Protein chains: 2
Amino acid sequence: MSSRGRPRSFSREQALKNAMHLFWDRGYDNTSLADLTRAMGLNPPSLYAAFGSKAQLFIEAVDFYGRTDGAGIWDYIETAPTAKEAVRQLLTRTAENFTRSGEPRGCMVVLSAPQMAGGDADVCDALKARRLEKQLALEHRFKRAVAEGELPPEVDCSGLAAYVASLQHGMSIEARDGAARDTLMAIGACAIAGWDAMIAASGRATATVPAASASISPSA
Amino acid sequence: MSSRGRPRSFSREQALKNAMHLFWDRGYDNTSLADLTRAMGLNPPSLYAAFGSKAQLFIEAVDFYGRTDGAGIWDYIETAPTAKEAVRQLLTRTAENFTRSGEPRGCMVVLSAPQMAGGDADVCDALKARRLEKQLALEHRFKRAVAEGELPPEVDCSGLAAYVASLQHGMSIEARDGAARDTLMAIGACAIAGWDAMIAASGRATATVPAASASISPSA
DNA sequence: CGATTTATGTATTGATCGATACAGAAAGGA
DNA sequence: TCCTTTCTGTATCGATCAATACATAAATCG
């Protein structure tokens, strides 16, 4: 559109990357504009001219995260040959991605603003939408697996997606709390080890957690 | 000690309860002292005299949460007759607790301040310690199950505890994002359905997520 | 009673928050 | 060249942040 006017003296991408790292590390609330302008190497008016507001900058930073550091986690859900392999890849890549040295641990989308009340509504909604989007992608993949005959038709694709998403979200907390890569890998290994049994049981008991098989009789 | 002086004109427990609800709903950063004094029905000097600071009030509120609304989730880990039943109870109670009407959804310990950088260090450390404490309680319970012969000695108790804790933490995100109780129950049902297979596989593959059994051959 | 101790209500503190006003600088268009 | 457009740096805006000074009220102790 307009190439008129004084040209921008900083790289928008680089500034966005720096902002993303800061938000990722500290969260939305704990990152101040003073922190941002310092890390991005520009003054407030330049920041507002380029990004609009702190909230809009954050949302752009989340998108940037999804295109860069957060990429590669969910990218193979559709291309993996089976649903089980898709989950295995997801959890393996998650374990690797969440424990890369020199970067904040865990997922920016999960950790940077989990509260839904009191904060900026646009920020919360943007993060929530991205979380649900991934969960829906899982459900979609599982439904495809049903259509392809990999999974039986009775399987509860929605519940299974919620299970995998929940586990993957929880790994962000684990990672932020200091879990080693091996620990995150062990978490993924558990899910994969139980996968076939989950599939076999799914659809028969979706709404209630069935009682444990009483190999040891309960209490009395 | 001292019954001298003008008596407190408010219920410390009630004020703490109100503060807890606010912190639980909005998180630490998004709750201001103005919010707190209004909800607690007292003036700033009374708050500071009774609780010390915002951070100390928060930590007391977290303890209060653990004694009240958060209680009942983890209380049966040790008393459940088997490890599997302990996990089933944990996840069932979690699903119920996280979706009670009239209360914030999800766990205060997970949601109210997950960031480890930039915020108040005491607050972050207190929450992290409470999370790890629960995970260690799980590991402890699993080790006991090994000693009692319920679980085989090769089982990776630490990895299994991380798996269950991760899933339970992720359920907080799901709940806050609006998941129904049935959905959370389905998540728990998945874990229970896969439990025996996880136990059977545990210890044989702890540090890596094994490749999916190629019932459908991968790619080429 | 008077002295001491503790809590309360009003008013306000300095710091920091996110966001701008303003003037000068650097580009293109005529 | 002069005008318009856009960005940059300085300085600062009003609002809100967590936290207190201060005087007064209400209790116990001697």
Side-chain angles (χ1 to χ4, degrees), chain A residues 1-16 18-20 22-23 26-62 112-113 115 117-124 126, chain B residues 1-16 18-20 22-23 26-62 112-113 115 117-124 126:
Chain A
M1 177 68 79
S2 62
S3 65
R4 296 265 295 255
R6 179 174 176 172
R8 183 176 284 126
S9 68
F10 62 92
S11 159
R12 199 175 188 281
E13 285 284 293
Q14 182 62 45
L16 194 54
N18 293 339
M20 181 266 287
L22 214 52
F23 278 131
R26 304 186 174 191
Y28 181 76
D29 290 315
N30 280 326
T31 305
S32 71
L33 273 171
D35 296 330
L36 288 166
T37 52
R38 185 169 1 94
M40 298 165 80
L42 42 81
N43 297 107
S46 297
L47 187 153
Y48 280 88
F51 300 102
S53 71
K54 183 189 175 187
Q56 291 173 37
L57 169 61
F58 176 81
I59 293 175
E60 269 205 64
V62 172
S112 58
Q115 296 300 326
D120 185 286
D122 291 336
V123 165
C124 291
Chain B
M1 178 62 83
S2 63
S3 66
R4 295 266 294 253
R6 178 174 177 172
R8 184 177 284 125
S9 68
F10 61 93
S11 160
R12 198 175 189 280
E13 285 283 294
Q14 183 61 45
L16 193 55
N18 293 339
M20 181 267 286
L22 214 52
F23 279 132
R26 304 187 174 191
Y28 181 75
D29 290 315
N30 280 325
T31 305
S32 72
L33 273 172
D35 296 331
L36 288 166
T37 52
R38 183 165 6 93
M40 299 165 79
L42 41 81
N43 298 107
S46 298
L47 189 154
Y48 280 88
F51 300 102
S53 70
K54 183 188 175 185
Q56 291 173 37
L57 169 61
F58 176 82
I59 293 175
E60 270 205 64
V62 171
S112 58
Q115 298 299 326
D120 186 287
D122 291 336
V123 165
C124 291

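Chain naming here is simple, since letters A, B, ... match the order of the sequence lines and numbering starts at 1 in each. These figures come from a predicted structure and were not determined experimentally.
Remark: A:Q56 engages A:S53 in a side chain to side chain contact (heavy atoms under 4.5 Å, CB included) (not counting sequence neighbours). By the salt bridge (charged side-chain N to carboxylate O under 4.0 Å, His left out) test, A:R12 pairs with A:E60, sequence neighbours left out. Partners of B:N18 by side chain to side chain contact (heavy atoms under 4.5 Å, CB included), not counting sequence neighbours, listed by chain and number: B:Q14, B:M40. A search for side chain to side chain contact (heavy atoms under 4.5 Å, CB included) contacts involving B:R38 returns B:D35, not counting sequence neighbours. Checked against salt bridge (charged side-chain N to carboxylate O under 4.0 Å, His left out), B:R6 has no partners two or more places apart in sequence or in another chain. In this structure A:D120 satisfies the side-chain hydrogen bond (donor to acceptor under 3.5 Å, both in side chains) test with no other residue, sequence neighbours excluded.
Distance CG (B:N43) to C1' (D:dT20): 13 Å, rounded to an integer number of Å. Atom CG of B:L42 is separated from atom P of D:dA25 by 20 Å (rounded to the nearest Å). The distance from atom OH of A:Y48 to atom P of D:dT12 is 19 Å, rounded to the nearest whole Å. In this structure, the CE atom of B:M40 is 13 Å from the P atom of D:dA19, given to the nearest Å. Between the P atom of C:dA19 and the CZ atom of A:F51 lies a distance of 14 Å, rounded to the nearest Å. The CG atom of B:L22 sits 11 Å away from the P atom of D:dA18 (whole-angstrom rounding). As rounded to whole Å, 8 Å separates atom C1' of C:dC17 from atom NZ of A:K54. The nearest whole Å value for the distance from the CZ atom in B:R8 to the P atom in C:dG9 is 13 Å.
Scanning both residues, A:R8 and A:A50, for their nearest heavy atoms gives NH2-CB, 3.9 Å.
Looking at residues 27-39 of chain A, you'll see A:T31, A:S32, A:L33 sit with a heavy atom under 4.0 Å from some atom of DNA chain C.
Judged as a salt bridge (charged side-chain N to carboxylate O under 4.0 Å, His left out), not a single pair has a partner in residues 39-48 of chain A (not counting sequence neighbours).
For B:S46 and C:dT8, the shortest distance from a side-chain N or O to OP1 or OP2 is below 4.0 Å. Residue B:S9 places none of its side-chain N or O atoms closer than 4.0 Å to OP1 or OP2 of C:dA7.
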Original post:
Where along nucleotides 21-30 of chain C does protein come under 4.0 Å, by heavy atom, of base (B) or sugar-phosphate alone (S), with - for untouched nucleotides?
Top reply: B--BBBBSS-
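Taking CG of B:L42 as the start and CZ of B:F51 as the end, the distance is 7.0 Å to the nearest 0.5 Å.
Residue B:F10 is in sugar-phosphate contact alone, with no base atom involved, counting any heavy-atom pair closer than 4.0 Å across all strands shown.
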